[in-house]
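Here the structure comes first, spelled out in structure tokens, and everything after it is commentary.
The first residue of the sequence shown is numbered 1, and numbering continues consecutively from there. Just so you know, these numbers come straight off a predicted model, no measurement behind them.
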Amino acid sequence: METKMQTSQNIKIERTPESDLKKVLNIIGIFIFAGMALTSVTNPMPAKYLKEYLMFIGGSAIVYYFLLNIYFIGEIWRKVFYASLIVLGIGSLSMAIYLFSHSSH
């Protein structure tokens, strides 16, 4: 009975700049949305607006992380990411114009 000897292999794991960027953007997102949630504790607002504010934070976080993860999937998904940003930007501008034109003041 013979023992088969294997030499040890050094495996070098290379980190890509994209994975580092994704990690940084995830951490930044945590600070942004945690800070927004902390604002509702440090500057109390009326109870009827608190639920809406927390829903806004939750919805914003979902959109942020969804778009962030779509961007890093691949080249085709980056086009979806940019198209989503264009749609969100146009929607935001049109909502601002609508609210400006229909304000009661």
Side-chain angles (χ1 to χ4, degrees):
M1 201 175 214
E2 291 183 26
T3 305
K4 293 184 179 180
M5 300 291 282
Q6 291 183 348
T7 60
S8 65
Q9 298 176 353
N10 292 335
I11 299 174
K12 188 175 185 180
I13 299 174
E14 294 184 20
R15 296 174 65 179
T16 63
E18 280 192 355
S19 67
D20 291 340
L21 180 61
K22 183 178 179 181
K23 184 176 179 181
V24 168
L25 290 174
N26 278 318
I27 292 170
I28 288 172
I30 290 171
F31 279 108
I32 289 171
F33 297 113
M36 289 173 69
L38 186 63
T39 300
S40 66
V41 175
T42 58
N43 293 331
M45 59 181 67
K48 69 178 188 175
Y49 296 122
L50 182 62
K51 182 180 176 185
E52 294 173 1
Y53 181 66
L54 293 177
M55 286 175 49
F56 168 75
I57 294 172
S60 299
I62 289 170
V63 169
Y64 176 81
Y65 285 109
F66 177 73
L67 289 176
L68 179 66
N69 287 311
I70 277 182
Y71 180 81
F72 287 105
I73 289 176
E75 188 63 34
I76 294 173
W77 288 101
R78 287 187 184 185
K79 293 178 182 178
V80 173
F81 168 80
Y82 289 123
S84 300
L85 284 184
I86 290 170
V87 168
L88 285 172
I90 291 171
S92 178
L93 288 174
S94 61
M95 184 59 67
I97 292 169
Y98 173 79
L99 290 173
F100 179 73
S101 66
H102 289 84
S103 65
S104 61
H105 294 93

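Residues Leu54 and Ser40 have side chains in contact (heavy-atom distance under 4.5 Å, counting atoms from C-beta outward). Side chains of Leu67 and Tyr71 form no contact here, defined as non-hydrogen atoms less than 4.5 Å apart. Under the 4.5 Å side-chain criterion, counting only non-hydrogen atoms from C-beta, Ile30 is in contact with Tyr65.
More than 12 heavy atoms of other residues, nucleotides or ligands sit less than 6.0 Å from atom CZ of Phe72. The local environment of OH in Tyr53 is crowded, with over 12 non-hydrogen atoms from other residues, nucleotides or ligands closer than 6.0 Å. When the shell of 6.0 Å around CD1 of Ile76 is examined, it contains 12 or fewer heavy atoms from other residues, nucleotides or ligands.
Side-chain heavy atoms closer than 4.5 Å link hydrophobic residues (I, L, V, M, F, W, Y) into clusters, and following such links, possibly through other members, connects Val24 to Leu68. Follow the hydrophobic side-chain contacts under 4.5 Å out from Ile62 and you never reach Ile57; the two are in separate clusters. Note on Ile32: it does not cluster hydrophobically with Val41, by side-chain heavy-atom contacts below 4.5 Å among ILVMFWY residues.
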- Item | Test side chain to side chain contact (heavy atoms under 4.5 Å, CB included) applied to Val80 and Ile73, step by step | CA-CA 11 Å; Val80 173; Ile73 289 176; over 6 Å; no

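The backbone N or O of Leu88 sits nowhere less than 3.5 Å from a side-chain atom of Ser92 that would complete a donor-acceptor pair.
To the nearest 0.5 Å, the span separating CG on Asn26 from CG on Asn69 amounts to 6.5 Å. Remark: Phe66 CZ to Phe81 CZ distance equals 11.0 Å, nearest 0.5 Å.
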